[in-house]
Amino acid sequence: MVERPKGTNDYIHPESSLRKIIVEKISNFFEILGYKPIETPIFESVDLFKRSAGVVSDIVSKEMYEFQDKKGRHLALRPEITAPVVRAIIQNNLLQQQIIKLYYVGSIFRYEKPQKDRYRQATQFGVEYLGIENYIADFELIFSIYKLYQSFNLDVEIHVNSIGCKDCRPQYRQKLYEYFSKHKENLCNDCQRRLEENPLRILDCKNPNCKLISKEAPKSIEYLCQNCDKHHKELTNILKFYNVPLIENHYLVRGLDYYNRTVFEVKFEGVDLAGGGRYDYLVNQISEGKYDMPAIGFAGGLERLTNILKEKQNINKFLGENIKINLVSLTNEADKIITGIYTRIINKIAGKKNSIEVNLMKFEKLSKALKIADKMKANYTLFMGEEEIKEDEITIKNMETGKQEKIKVENFMIKFFEEIINIE
RNA sequence: GUGGGUGUAGCUCAGCGGUUAGAGCAGUGGACUGUGGAUCCACGGGUCGGGGGUUCAAAUCCCCUCACCCACCCCA
């Protein structure tokens, strides 16, 4: 049979429920902080990503799902969502506003070999905060991300660095280039290539030799201009003041090329849960020089978050429990009354936020009905057969205690909802 | 893209040249005719991932392929 494409997933209960609840929690969290939802297409012009994220990055140069449509347009499934959001901001004239705060949850696509926490279709959530150049925006964002993960009972570490701005980065880059050039023969093949394209990324290499060489490499903070240095110090000071677990990692470089100044990653027990940074030039780049607006943002992986929650915590505490009710007709005569009760229950609860689940069923044998209810972990089985019909009654059985009682059909709604399960 | 591991029942796995491929759990039916969970009994279910080869004989050995898992690269 036809199976799902490599690196993709089907999500079924309970994981699908867990994902839904996590997304709701994240959405609520950011709405409280003034962020509004945004959705953009899952495919965009290839150019958008090539110009923004940078041709040097693996994400864009090697891992993008590119295709042409029937008119020959060059399109790509989005490998990240920041560039599309910035494009949408410009295209919809949101730049009229002084401050733009947006959040999103959506799929990204990267053509890579799948493994743990890495899929070809993945879900990212994130925010983009535009309009404030001051370190206070960096603080707002990083602090809120820290609190977001804390709300899932995860005490994450924030790894942070500053990679400077267009004024000071070239100098640093030059220093790095000079330094690594001296050790060129000892660098791995990838890094020899990186030396010409983007020497900053050598710092990120996991090759032991490169790591050793990187250890003595000039650090970005030593070359920051006055403004960048001030920005970075103010940010780290205030984060420390509010006890955010900060790890200053002066070799932290991100995979997308549009960042400047602050870059950070969120880690839990060695797993990268999220990453982000400042991208003050991206609006200018995407609008082809027409507009300017400072910005900062982050993106987190939904699959990594759910996987950690599944591994580390009892997910039932996130799932919440419905009161599950099985409504069973045992005879043809009972059908009409049972369906009547069913429609009244639906009228009462439909569209409201409550925690009831109702299943309408028919069985010949009561023992079968109870067995099914047991398997389904139903809280109540309500049934009507020959016995009940005669007296115009329905039996309500509590599946946990085994106790049951008969009530008159005419009193059912009030008795059951108000006296038995306590829902108005 | 590189390297390693695993594919046998719905699930977890055993079998690793030799009858008709097994177990536990799950499923269905019954013991028990309107009262579930426990116990016991019976039953159903498999092109042994797919293709090719070696052999009298292949789930088992060899080759190819696909999928999943893990590590590297890279990253969410």
Which residue, A/Tyr111 or A/Ala373, contacts RNA chain B at a nucleotide closer to its 5' end, judged by nearest heavy atom? A/Tyr111

Using a cut-off of strictly less than 4.0 Å, decide whether A/Lys375 has a side-chain nitrogen or oxygen near OP1 or OP2 of B/rA26. no

Paired stretches of RNA chain B - 3 or more consecutive Watson-Crick or G-U pairs, each distance under 3.5 Å: B:1-7 with B:66-72, B:10-13 with B:22-25, B:27-31 with B:39-43, B:49-53 with B:61-65

What distance, rounded to whole Å, do you find between the two C1' atoms, one in B/rU60 and one in B/rG44? 27 Å

Nearest-Å distance once atom C1' is located in both B/rA23 and B/rG45: 15 Å

Among residues 381-399 of chain A, which ones have heavy-atom contacts with RNA chain B below 4.0 Å? A/Phe383, A/Gly385, A/Glu386, A/Glu387, A/Glu388, A/Lys397, A/Met399

Rounding to an integer number of Å, can you tell me how far A/Met64 CE sits from B/rA76 P? 15 Å

Taking atom C1' in both B/rA58 and B/rG51, compute the distance separating them and give it to the nearest angstrom. 15 Å

What integer number of Å spans the C1' atoms of B/rA14 and B/rG50? 23 Å

Rounding to an integer number of Å, can you tell me how far A/Lys365 NZ sits from B/rA31 C1'? 12 Å

Without decimals, in angstroms, what is the distance between A/Ile372 CD1 and B/rG27 C1'? 11 Å

Interatomic distance, A/Asn307 CG vs B/rA76 P [rounded to whole Å]: 16 Å

Would you say the side-chain atoms of A/Asp335 and A/Ser329 include a donor-acceptor pair closer than 3.5 Å? yes

Looking for any heavy atom pair under 4.0 Å, which part of the strands does A/Gly126 touch: base, sugar-phosphate only, or nothing? nothing

Could you tell me if A/Tyr172 and A/Glu222 have a donor-acceptor pair between their side chains, going purely by distance under 3.5 Å? no

Assess, by modelled atom type and distance only, whether the side chains of A/Asn332 and A/Lys362 contain a donor and an acceptor separated by less than 3.5 Å. yes

Are side-chain N/O atoms of A/Glu31 and A/Tyr103 paired as donor and acceptor at under 3.5 Å? yes

Output all residues satisfying side-chain hydrogen bond (donor to acceptor under 3.5 Å, both in side chains) with A/Tyr380, sequence neighbours left out; order by chain, then residue number. none

Would you say the side-chain atoms of A/Asp117 and A/Asn307 include a donor-acceptor pair closer than 3.5 Å? yes

A/Lys368 side chain, from C-beta outward: closest of B/rG30, B/rU35, B/rU28: B/rU28

According to side-chain hydrogen bond (donor to acceptor under 3.5 Å, both in side chains), who are the partners of A/Ser162, at least two apart in sequence or on a separate chain? none

How far does CG of A/Leu75 sit from CD of A/Glu66, to the nearest 0.5 angstrom? 10.0 Å

Would you classify A/Glu303 as touching base, sugar-phosphate or nothing, given that sugar-phosphate means primed atoms plus P, OP1 and OP2, and contacts are heavy atoms under 4.0 Å? nothing

Look at the side chain of A/Gln404 and decide which nucleotide, out of B/rG37, B/rA76, B/rU35, has an atom nearest to it. B/rU35

Between B/rU6 and B/rC48, how far apart are the two C1' atoms, rounded to whole Å? 14 Å

NZ/A/Lys371: more than 12 non-hydrogen atoms of other groups inside 6.0 Å: no

Nearest whole Å is fine: how far is B/rU33 C1' from A/Lys371 NZ? 15 Å

A/Glu112 CD to B/rU2 C1', in whole Å, measures 15 Å

Taking atom types as modelled, find out whether A/Glu265 and A/His159 have a side-chain donor-acceptor pair closer than 3.5 angstrom. no

Could you tell me how far apart A/Leu252 (CG) and B/rC75 (P) are, to the nearest whole angstrom? 11 Å

Quantified in whole Å, what is the P atom distance between nucleotide B/rA76 and nucleotide B/rG49? 38 Å

Compute whether any side-chain donor of one residue and acceptor of the other, for A/Ser355 and A/Glu321, lie under 3.5 angstrom apart. no

For atom CG of A/Leu370 and atom C1' of B/rA38, their distance in whole Å: 16 Å

Using 0.5 Å steps for rounding, measure from the CD1 atom of A/Ile42 to the CD1 atom of A/Ile81. 10.0 Å

Among residues 270-279 of chain A, which residues get a heavy atom nearer than 4.0 Å to RNA chain B? A/Asp272, A/Leu273, A/Ala274

Given the C1' atoms of B/rC16 and B/rG7, what is the spacing between them in whole Å? 14 Å

Matching residue for A/Thr395 among A/Glu387, A/Glu405, A/Glu388 - test: side-chain hydrogen bond (donor to acceptor under 3.5 Å, both in side chains): A/Glu388

Under 3.5 Å, which N/O atoms of the protein pair with N/O atoms of nucleotides 66-71 of chain B?
from   : atom 1 : to       : atom 2 : distance (Å)
B/rC68 : OP1    : A/Gly7   : N      : 3.1
B/rC70 : OP2    : A/Lys116 : N      : 2.4
B/rA71 : OP2    : A/Gln115 : OE1    : 3.4

Do A/Gln150 and A/Tyr146 get their side chains close enough for a donor-acceptor pair, meaning under 3.5 Å? yes

Rounding to the closest angstrom, what is the interatomic distance between B/rC64 and B/rU28 at atom P? 45 Å

Counting distance only, does the side-chain N/O of A/Arg73 pair as donor-acceptor with the main-chain N or O of A/Ser45 below 3.5 Å? no

Within the side chain of A/Lys25, is there an N or O that forms a donor-acceptor pair under 3.5 Å with the backbone of A/Lys20? no

